[in-house]
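First the structure, in the form of structure tokens, and then the observations on it.
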There are 2 protein chains.
Amino acid sequence: MTAWDGPLAGHTTLPVVGQAPAERADAARNRRALLAAAHVLMVQCGVQALSMDRVAAEAGVGVGTVYRRFGDRAGLAYALLDEEERDFQEAFLCGPPPLGPGAPAAARIRAFLHTYLDRLESEAELHALAETRSPTARHGSGAYRTARTHLVTLLTQAGAGADGAYLADALLALVSAGLFLHQRRELGYTADRVKAGLDRLLAGVLPEAVGARDHGDS
Amino acid sequence: MTAWDGPLAGHTTLPVVGQAPAERADAARNRRALLAAAHVLMVQCGVQALSMDRVAAEAGVGVGTVYRRFGDRAGLAYALLDEEERDFQEAFLCGPPPLGPGAPAAARIRAFLHTYLDRLESEAELHALAETRSPTARHGSGAYRTARTHLVTLLTQAGAGADGAYLADALLALVSAGLFLHQRRELGYTADRVKAGLDRLLAGVLPEAVGARDHGDS
DNA sequence: ACTCTAATCGGAGTCAATTCCGTTTACAAG
DNA sequence: CTTGTAAACGGAATTGACTCCGATTAGAGT
């Protein structure tokens, strides 16, 4: 009902105090085998072909094992996105500006959202799958909470005024995989058009100017 | 892959030219029986208990019949919301201001979104179910397209400037059932806080003031 | 009333997610 | 090396969405 909290679930979340019980050797092996199998399946047959049975068979383990490792289908999707997710987190937490510290908060917010869209660009299907757990699923994931916290901080710094918490969720709603796919595939928007629309909204919310230089697009 | 287009699928959509082949008597009877059964099940056991098999059994028909009528689970959810949806459409298309014609476009947009939230308030679970078809499902439904078109019109009238189309989807993303449930249940926001946040964003996007009187809240 | 045809039915069948639980195994302690 | 136990395993069983298709039947035409 909430985010998967099984073995090594914390990967994508900020490090916690007490260290986890340490993964057993066979478990680690199976995790690797499963992720590899899933990745191959995805590349060869598309995200849609990522069925738990299929992945298990391909990796040569029982289905039960897939569930113990990843909790459910969405959990598997999150795991497949984990490496990229960690790079992203590192980038906005301590990478170079404008995504990381050093740039004005408003610019960082913009960079954050644009980068988020870039990530959707390359793995939209997988992100969509990850958001599929339940209607509210997305909001419970570690990745979401981290992003949300980050935005709340930046919004406060940027002087967005009242209810930064609301605003953070609102901004993240604008970069959901579902909406993104709708815009890019059904409506045929270009990536730049989506970013421009986002900037427009941002400009209405943040006091300082949001235009000007960024991290390489639009 | 797209919205269900079976018998009487157009209910919730704007009226079309050629009239549908007219529903057969037995089909109509079963539709009523199914909706009644579904409603009872929902009231007694919650939305989660709305399984196609269960509804079919309760109504005394075969599962195949449920699928012919509603296409899929989400379609059944839409059907259950249909009456309310039609009232809503009538209200914003030709009802009294500020929702209907007569009020300034900006005020109508605000009223539209607030009313949308009020609807979520009473049937969030069902709306969430209806949005569950697939990640992009929501955006393909007749109800969504109608709302979207309406917003685009109003945004243009309100002088929202560039890319009203983007803005329409963005605003609708802020009133998705998933986000709403997250805000109300997980974060514990009050309905007014959600509306206030929305107003805040609206104020940044629409030229004219958005404050002042409305249709009875906040 | 009879016939024809398309719309409807029903429910067994298929497919994939998720759960359960008895069995096996890694590995830390003795 | 032996043992004890928590963790991991596998895969049958369950569940529910959705598909298929042969059997029925409403209702227009005659």
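Just so it is clear, the structure is predicted and the values come from calculations on it, not from any experiment. In what follows, chains carry the letters A, B, and so on, assigned in the order in which the sequence lines appear, proteins first and then strands, with residues in each chain numbered from 1.
- Using cut-offs of 30° and 60° for the angle between ring planes, the B:His182 and A:His139 rings count as parallel.
- Evaluated for a side chain to side chain contact (heavy atoms under 4.5 Å, CB included) with B:Phe92, the options B:Leu154, B:Thr115, B:Thr146 yield exactly one hit, B:Thr146.
- Side-chain atoms of A:Arg184 come within 3.5 Å of backbone atoms of A:Tyr189 as a donor-acceptor pair (strictly under, hydrogens ignored).
- Comparing A:Ser51 and A:Gly64, the nucleotide of DNA chain C nearest to each residue sits closer to the 5' end for A:Ser51.
- Side-chain proximity of A:Tyr67 to C:dA16, C:dT19, D:dG10: nearest is C:dT19.
- Remark: P of D:dT15 and CG of B:Leu50 are 18 Å apart, rounded to the nearest angstrom.
- Between the CG atom of A:Asp53 and the P atom of C:dA16 there is a distance of 8 Å, rounded to whole Å.
- Atom CZ in B:Phe70 sits about 14 Å away from atom C1' in C:dT8, given to the nearest Å.
- Atom CD of B:Glu121 sits in a crowded spot, with more than 12 heavy atoms from other residues, nucleotides or ligands closer than 6.0 Å.
- A salt bridge is defined here as a Lys NZ or Arg NE, NH1 or NH2 lying under 4.0 Å from an Asp or Glu carboxylate O, and B:Asp169 with B:Arg148 meets this definition.
- Spacing between atom CZ of B:Arg54 and atom P of C:dG11 amounts to 18 Å, rounded to whole angstrom units.
- Side-chain nitrogen and oxygen atoms of B:Thr65 include none within less than 4.0 Å of the OP1 or OP2 phosphate oxygen of C:dT8.
- For the pair B:Arg31 CZ and C:dA7 C1', the computed distance is 14 Å after rounding to whole Å.
- Using the six-membered ring where Trp is involved, A:Tyr116 and A:His127 have ring planes that are tilted, between 30° and 60° apart.
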What string of B, S and - do you get for nucleotides 25-30 of chain D, 5' to 3', when a contact is any protein heavy atom under 4.0 Å? BSS---
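- Across all strands, A:Arg68 comes closer than 4.0 Å to base atoms (heavy-atom distances).
- Taking atom CG on B:Asp72 and atom C1' on D:dT19, their separation rounds to 13 Å, with Å as the unit.
- Ionic pairing of A:Arg145 and B:Glu186 is not present here: no N-O contact between side-chain nitrogen and carboxylate oxygen is shorter than 4.0 angstrom.
- Map B:Gln48 and A:Gly60 each onto its nearest nucleotide of DNA chain D; the residue landing nearer the 5' end is A:Gly60.
- With C:dA17, D:dT19, C:dT8 as the candidates, the nucleotide lying closest to the side chain of A:Met52 is C:dA17.
- Taking 4.0 angstrom as the limit, B:Asn30 places none of its side-chain polar atoms (N or O) nearer than this to OP1 or OP2 of C:dT8.
- Each of C:dA17, C:dG10, C:dC9 was ranked by its minimum atom distance to the side chain of B:Arg69; first place goes to C:dC9.
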